[in-house]
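All values reported here derive from a predicted model rather than from experimental measurement. Read the numbers this way: they start at 1 and go in the same order the structure lists the ligands and their atoms.
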Amino acid sequence: MQNAEIQRWLAARREQGLYRQEQQVQTLPGGLLNSNGALFVNFSGNDYLGLGEAPLLRQAMADAALADGVASTGSPLITGYQPAHAELIATLRDWLGVEDVLLFSSGFAANQAMLSALVGPDDLLLLDRYCHASMQDLLTSGQRSFKRYPHQDLTALAAMLQQSGIKNQDVVVATEGVFSMDGDVTDCAAILHLLTAKQPLLLDDAHGIGVLGSEGRGSWAAHGVQVSALQCLMANFGKALAGQGGFLAGSRDVIDFIRQQSRHYIYSTALSPALCRAMQSSVLLCRAEQWRREKLADNIALFRQLARQAGLGIADSMTAIQPVLCADNTSAMRWSNALKERGIWLHAIRPPTVPQARLRISLSASHSELQIRQLVQVLVQTQPVTAQNHTTTIPES
Ligand SMILES: Cc1ncc(COP(=O)(O)O)c(C=O)c1O
């Protein structure tokens, strides 16, 4: 592409209110962050359990950096599979009750590996239309047949499954356990009820792991589903587990099949051994410290109660992700800026990431009751007149 064309594209992006830019911040204990010397309460992070602040986790990373090193020095099939990787995998297997696990440098890579391997060239992939970009990307490559069903619409999914049955087409279904921008939880048990034993279900539980189900195993566990009912589970370390990287979990055969094929696995440097040790500590803390899930649940309940009392339009989400829809991109940006002026860090999420601009409130066990009260008060005080005030349904794109 010519440079002049690039400049025109960037200028148009700014004009449409869609220009994206990093903002340098430093996250601090107590649900806070520092930006340019000013303190804010952080309602945009994904550290749902507050594990990122846990001294034990930080210590585990520091100790492991000295003991095991920072560099994995290679891809997992060359020199990048070390004791720290093997022990993290054993910890994950024990926690989730799965036969095997493959580690990836990100959840994005893990999702791509899962779909590329498990959706065969003759299969039809049925995908919730709000699934994360890492799942949608494979579809745009044109190498797989797919259909998107309307968000959480199991009647539509059932109709698609019936049609594929008539055409004798092999089907794979993929969805998220907790939708990242809407916070609603998928009823995996109900989806499995629609599927035959020959129709695999792939689940991205990036926002369910650590938070839902017994010992935080995830959204599938919260619905009483056995992990073996999923063909493959994807989750990551970057949200409730307060680290970085992702993994796929499943039967020995399924994981081995992905290991043999995945370009994201074979041709990419393995996770740092220090990070693996830290993530092992994080999983152990997450399992043991039920109080973190209880504190998060209390914060969610308090936020929803105060928001309702204040007449603030909130979505139906019962998870840490609480979206507030905005009329358009500009009003979302204005609202977010007004919140910042009052000490609240709450990012506006805009198309194309979501069909409709919104403030995506992210609650954490590290927030205090006072901070939640402050959030609702300031949201009400700064609410633009144009903002939609009733967001129980989120329209299709
Ligand atoms: C639902 C979902 N899946 C996958 C990912 C990608 O995970 P990672 O950030 O570890 O690459 C994200 C992260 O934004 C996500 O929200």
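By the criterion of a heavy-atom distance under 4.0 Å, neither the backbone nor the side chain of Gln244 is placed next to ligand 1. Counting heavy atoms closer than 4.0 Å to ligand 1, residue Glu176 contributes side-chain atoms (C-beta onward) but none from N, CA, C or O.
Taking CZ of Arg263 as the reference point, atom CD of Gln112 lies at 12.5 Å (rounded to 0.5 Å).
The contact set between ligand 1 and Asn236, taken as ligand atoms under 4.0 Å from a residue heavy atom, comprises 7 (O), 8 (P), 9 (O), 10 (O). Listed by number with element, the atoms of ligand 1 under 4.0 angstrom from any heavy atom of His207 are 1 (C), 15 (C), 16 (O). Per-residue contacts place Lys239 under 4.0 angstrom from the following atoms of ligand 1 (heavy atoms of the residue considered): 12 (C), 13 (C), 14 (O), 16 (O). Heavy-atom contacts of Ser106 reach the following atoms of ligand 1: 10 (O), 11 (O) (cutoff under 4.0 Å). The distance from ligand 1 to the heavy atoms of Ser134 drops below 4.0 Å at these ligand atoms: 4 (C). Within ligand 1, the atoms closer than 4.0 Å to a non-hydrogen atom of Asn111 are 3 (N), 4 (C), numbered from 1 in the order shown.
Ranking the protein heavy atoms by distance from atom 8 (P) of ligand 1 puts Gly107 N, 3.4 Å first. For atom 12 (C) of ligand 1, the nearest non-hydrogen atom of the protein is His132 NE2, 3.3 Å. In this structure, the protein non-hydrogen atom closest to atom 3 (N) of ligand 1 is Asp204 OD2, 2.6 Å.
Residues Arg148 and Gln136 bring a donor and an acceptor atom of their side chains to less than 3.5 Å of each other. Between the side chains of Ser364 and Asp47, no donor N or O sits under 3.5 Å from an acceptor N or O. The closest side-chain donor-acceptor pair between Asp256 and Gln260 falls under 3.5 angstrom.
Within the structure, the closest approach of Gly238 to ligand 1 does not fall below 4.0 Å when heavy atoms are considered.
Of the candidates Thr319, Leu363, Ile321, Ile321 is the only one forming a side chain to side chain contact (heavy atoms under 4.5 Å, CB included) with Tyr48. Screening Arg93, Arg259, Arg252 for a salt bridge (Lys or Arg N to Asp or Glu O under 4.0 Å) with Asp100, the sole residue that qualifies is Arg259.
Relative to atom 6 (C) of ligand 1, the option among Phe108, Tyr130, Phe104, Phe247 with the closest non-hydrogen atom is Phe108.
A donor-acceptor contact shorter than 3.5 Å is absent between the side chain of Arg277 and the backbone of Ala65.
Between Tyr130 and Phe179, the angle of the ring planes goes over 60°, which puts this pair in the perpendicular group of the 30/60° scheme.
Between Leu271 and His85 the shortest side-chain heavy-atom distance falls below 4.5 Å.
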